[in-house]
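Residues: numbered from 1 along the sequence shown.
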Amino acid sequence: MDSLPNQISGGQQQRVAIARALVNHPRLILADEPTGNLDSKTSEEIMALFAELNAEGISIILVTHELDIADHASRQVRFLDGRIVHDERIKPIASRLPAKEPGHV
């Protein structure tokens, strides 16, 4: 709270941007490269947050060039020269992971 934007980490800046986007309770979030320039751990945290928001009913349109980030989506649409070249519904990463056993974190 006492820091200027250039005094916080990239991950903190991304979280602040997401928080600002959520203030008005949107039904849709447009995210253009939301994990760009972040380390892999922070990127996974951001994607987990998006998964939670989506589970709460918020639609998320995410643009990325990173295939590992795209793997979190339930639908992938790829463009080439302004045209759709691929449109597929897939099982997102979260649903491909083994279920956690009760009592384990």
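In summary, Arg75 and Asp87 engage in a salt bridge, as defined by a charged side-chain N under 4.0 Å from a carboxylate O.
Atom CG of residue Leu30 and atom CD1 of residue Ile61 lie 5.5 Å apart, to the nearest 0.5 angstrom. Taking CG of Leu22 as the start and CG of Leu53 as the end, the distance is 5.5 Å to the nearest 0.5 Å. Taken from OG in Ser43 to CG in Asp68, the straight-line distance is 7.5 Å, to the nearest 0.5 Å. With rounding to the nearest 0.5 Å, the separation of OG in Ser74 from CD1 in Ile60 is 10.0 Å. The distance from atom CG of Leu67 to atom CZ of Arg78, rounded to the nearest 0.5 Å, is 6.5 Å. Within the model, atoms CZ of Phe50 and CD1 of Ile18 stand 4.0 Å from one another, a figure rounded to the nearest 0.5 Å.
Side-chain atoms of Leu28 and Ile58, non-hydrogen and from C-beta on, never get closer than 4.5 Å to each other. Side-chain contact check for Gln76 versus Ile90: some heavy-atom pair is nearer than 4.5 Å. Looking at heavy atoms from C-beta onward, Glu44 lies in side-chain contact with His72 at the 4.5 angstrom threshold.
A distance-only check finds no donor-acceptor pair linking the side chain of Glu88 to the backbone of Val77 [under 3.5 Å]. Using modelled atom types, one side-chain atom of Ser9 and one backbone atom of Gln12 make a donor-acceptor pair closer than 3.5 Å.
Asn54 and Ser59 get closest at one heavy-atom pair: ND2-CA, 4.2 Å.
Only one option out of Thr42, Leu62, Thr64 pairs with Met47 in a side chain to side chain contact (heavy atoms under 4.5 Å, CB included); it is Leu62.
Residue pairs meeting the side chain to side chain donor-acceptor pair (under 3.5 Å) criterion with at least one member in residues 22-33, sequence neighbours excluded: Glu33-His65.
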